[in-house]
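Data block below; observations after.
These figures come from a predicted structure and were not determined experimentally.
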Amino acid sequence: MQDVQTLIWKFQRLGGVDHARLQSSAELCRAADLDPKLWGALSCPAKGLGLNERMLELVDRDKDGRIRIPEILQAIDFVCRCLEEPSAIAEPGPALPLAALSPNTPEGAKMMETARTVLAKLGKAGEALVSWEDTKAAAADAARQERNGDGIVPPLDSQDASLRAFIQDALALSGGLRDAGGSQGINKAIAEAFTATLQGWAEWKEGLAAAPVGQDTDEAWALLQELKAKIDDYFLRCELAAFAPSFADPLNGFAKKDEEGEGAALHNLLDAQRLEAMPLARVEPDRPLAFASGLNPLWRERVQRFFLLTRPLLKTPDSLDRASWHSLQAAFAPYAEALAARPAPVLPDLGADQEGLSAPVASVESLGLTRVREILQSDVAQRFAEAADSDASAPTAAAAIAELERLVLYYLHLHRLLMNFVSFYEFYSMRGAAAFQAGTLYMDSRSCRLCLPVEDAEKHAALAAHSQLCLLYCECRRRNGESGASSLVVAAMTAGSDDFLFEGRNGVFVDTAGKDWDATLTKIIRNPISMRQAVWQPYKRFGRMLSEQIAKFAGSKQDSLNASVARGMESQSLPPAPAAPTPAAP
């Protein structure tokens with residue numbers, strides 16, 4: 001390999017711009033040293049380019065739909081670590097030669113082992129080339145295997161019951177990933193997060209063992225939260241009854257008899273909504289809340305159950321006064337603080353696969369403390385880790401095949417991406433269509449080869465107008481009526497004139513795949529197309545303005561004449577006015 005310490009960059013000047021050639025291995029391995037201001041682009045879309053879509057998908061490591069300089073450098077670095085001479089990507093063959101792999105790097109040696117295993121599995125042992133089709137066939141075969149090398153283990157009938165149950169519980173509580181075979185499963189990171197969640201919850205739960213009423217504390221706490229407002233309301237009403245005895249009926253939820261009849265009062269008492277809003281028991285000055293009788297029927301069962309659970313904390317077993325109520329709440333205060341300290345579930349760190357994690361569908365409480373202790377006290381977590389390691393180390397591991405596919409595609413297509421990203425060599429050299437060119441537009445007996453895909457014509461035109469080009473924005477539709485088969489492109493018209501270009505004119509657009517589309521001109525940015533048109537454009541503009549003014553003047557005269565004729569015709573068509581009557585003689 002060329003000595004990178006004495007690297008001299010090679011550029012080619014095209015279109016008034018210097019373009020890095022990136023032909024040598026040293027240039028490729030030192031791509032990170034190339035100043036970004038010398039790069040042709042800073043980012044590009046991961047779709048819609050005239051390049052292999054799968055290769056672009058692999059370069060887009062963060063899956064945000066854009067390819068940026070760091071991702072380009074990652075791809076180049078991967079190639080440099082795997083190939084003996086990275087410059088081989090500048091003139092790739094139809095498939096990756098095994099001889100091009102570097103035996104001196106861990107990555108290259110791993111790729112060599114994986115490639116030979118893949119070829120042997122496909123019945124091609126001894127062949128010197130591995131193609132993209134070979135890697136796809138190997139990946140499909142690996143996906144059908146129980147041990148497919150992705151480290152994700154789904155629950156299977158072939159597993160023992162405890163391991164299968166562990167995986168199912170982890171899927172429900174921590175989520176899962178889809179393995180190469182399409183089944184939902186978990187990997188070591190998810191299993192570790194799951195067991196950490198169980199451990200934290202169990203420790204927290206055991207810390208609640210010294211709860212106010214033992215095993216009944218959870219139920220008692222839930223009832224306390226539900227009844228607190230009603231009990232506070234009852235004692236407040238009792239204090240108000242002592243303060244203002246004349247308001248006893250309103251405080252009990254009844255109106256005075258002179259305000260509504262007995263029938264209406266009885267009807268209100270039988271109304272469930274009104275009854276629920278009434279106090280827990282009859283309000284009297286400083287009266288304690290008794291449990292045996294006299295309770296509001298809609299609240300009686302809950303109140304009696306609550307005091308049955310909390311009876312060990314009460315001074316008197318059959319009633320509750322305000323002081324005892326405050327003491328009862330104070331007894332639950334440490335339990336409330338412990339509840340607030342409940343640990344959050346531990347999330348697995350999956351890196352780039354984080355978005356593929358399915359959402360949990362259950363909580364730890366659904367397992368119960370007995371099941372949690374069973375998992376933590378068994379060796380099932382260790383046995384799962386061994387199963388995941390065994391899956392990941394399969395001879396034809398899906399992850400290793402995926403990396404081999406990545407290398408093959410980079411070998412075949414990465415250099416062309418570099419020639420359209422690091423430099424615009426393909427575009428300026430005129431040796432073929434650049435990757436960002438969408439196709440050719442045929443309109444007005446001319447063809448426009450500089451066509452680009454556009455998402456928003458208005459936003460694009462705001463900047464593209466400064467290009468000083470005559471730009472045609474066209475809506476393209478497939479003739480066979482394919483659903484969703486429509487797109488928007490902009491084409492640069494660089495020859496002829498724009499005299500017969502107008503919105504609504506039709507043409508044909510042929511994309512890089514050879515498909516033809518019906519194209520309708522929807523927007524034009526008019527700039528001189530040629531020197532001749534630039535010279536004559538001011539005169540044409542003056543001529544159009546003069547013609548418009550003459551047309552306006554003639555139009556106004558015509559309108560005036562038409563109005564005059566209309567008035568004359570109206571006067572001719574009106575009947576003569578009747579003569580005035582002659583006054584009678586005296």
Side-chain angles (χ1 to χ4, degrees), residues 63 110 114 117 121 138-208 342-405:
K63 307 304 179 187
K110 179 65 175 177
T114 303
T117 304
K121 290 279 289 183
D141 178 70
R144 293 190 291 267
Q145 305 300 320
E146 182 175 318
R147 295 171 57 201
N148 50 37
D150 57 8
I152 300 173
V153 182
L156 301 171
D157 293 337
S158 59
Q159 299 160 346
D160 65 79
S162 61
L163 180 58
R164 184 167 62 252
F166 174 84
I167 297 173
Q168 291 170 338
D169 290 340
L171 279 172
L173 269 65
S174 298
L177 297 171
R178 195 171 297 279
D179 80 338
S183 301
Q184 284 289 113
I186 63 172
N187 60 10
K188 289 179 67 174
I190 297 175
E192 291 169 359
F194 171 63
T195 53
T197 297
L198 297 187
Q199 185 67 45
W201 184 84
E203 293 174 356
W204 168 79
K205 191 70 175 177
E206 290 166 358
L208 298 178
R342 184 184 189 278
V346 178
L347 299 177
D349 184 8
L350 301 175
D353 295 329
Q354 198 73 40
E355 294 184 0
L357 183 67
S358 62
V361 296
S363 62
V364 187
E365 283 76 6
S366 63
L367 291 182
L369 187 58
T370 301
R371 171 60 179 155
V372 170
R373 286 172 175 166
E374 177 187 342
I375 294 174
L376 295 176
Q377 293 171 4
S378 68
D379 65 343
V380 66
Q382 178 61 35
R383 288 190 288 114
F384 173 80
E386 293 172 357
D389 289 338
S390 176
D391 181 276
S393 61
T396 52
I401 295 174
E403 288 297 277
L404 179 61
E405 178 195 25

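Of the possible donor and acceptor atoms, one in the side chain of Thr195 sits under 3.5 Å from a partner among the backbone N and O of Ala191. A distance-only check finds no donor-acceptor pair linking the side chain of Arg164 to the backbone of Pro155 [under 3.5 Å]. Side chain of Thr114 to backbone of Ala400: no donor-acceptor contact under 3.5 angstrom is found.
Closest approach of Ile190 to Gly176, counting heavy atoms only: CD1-CA, 3.9 Å. Scanning all heavy atoms of the two residues, the minimum distance from Glu365 to Trp201 falls at OE2-NE1, 3.2 Å. The heavy-atom pair separating Leu357 from Pro348 by the smallest distance is CD2-CG, 3.8 Å. Counting all heavy atoms, side chain and backbone alike, Leu163 lies closest to Val380 at CA-CG2, 3.9 Å.
The salt bridge (Lys or Arg N to Asp or Glu O under 4.0 Å) contacts involving residues 185-195 comprise Lys188-Asp389, where partners must be two or more places apart or lie in separate chains. Screening residues 361-380 for ring pair (Phe, Tyr, Trp, His ring centres under 6.0 Å) gives no qualifying pairs among residues at least two apart or on separate chains.
Applying the side chain to side chain contact (heavy atoms under 4.5 Å, CB included) criterion to Asp379, with sequence neighbours excluded, gives Arg383. In this structure, the ring-ring contact (aromatic ring centres under 6.0 Å, His included) partners of Phe384, at least two apart in sequence or on a different chain, are Phe166. Listed by chain and number, the residues in a side chain to side chain contact (heavy atoms under 4.5 Å, CB included) with Gln184 are Leu171, Arg178, Ser358 (sequence neighbours excluded). Applying the salt bridge (charged side-chain N to carboxylate O under 4.0 Å, His left out) criterion to Arg371, with sequence neighbours excluded, gives Asp169, Glu374. Remark: Gln199 pairs with Glu203, Leu376 by the side chain to side chain contact (heavy atoms under 4.5 Å, CB included) rule, at least two apart or across chains.
If you take CD on Gln159 and CD1 on Ile167, they are separated by 4.0 Å, rounding to the nearest 0.5 Å.
At a threshold of 4.5 Å between non-hydrogen side-chain atoms, the residues Ile186 and Leu177 do not count as touching. Leu198 is listed as a side-chain neighbour of Leu367, based on a closest heavy-atom distance under 4.5 Å. In this structure, Pro360 and Leu173 have side chains that are not in contact, with every pair of non-hydrogen atoms separated by 4.5 Å or more.
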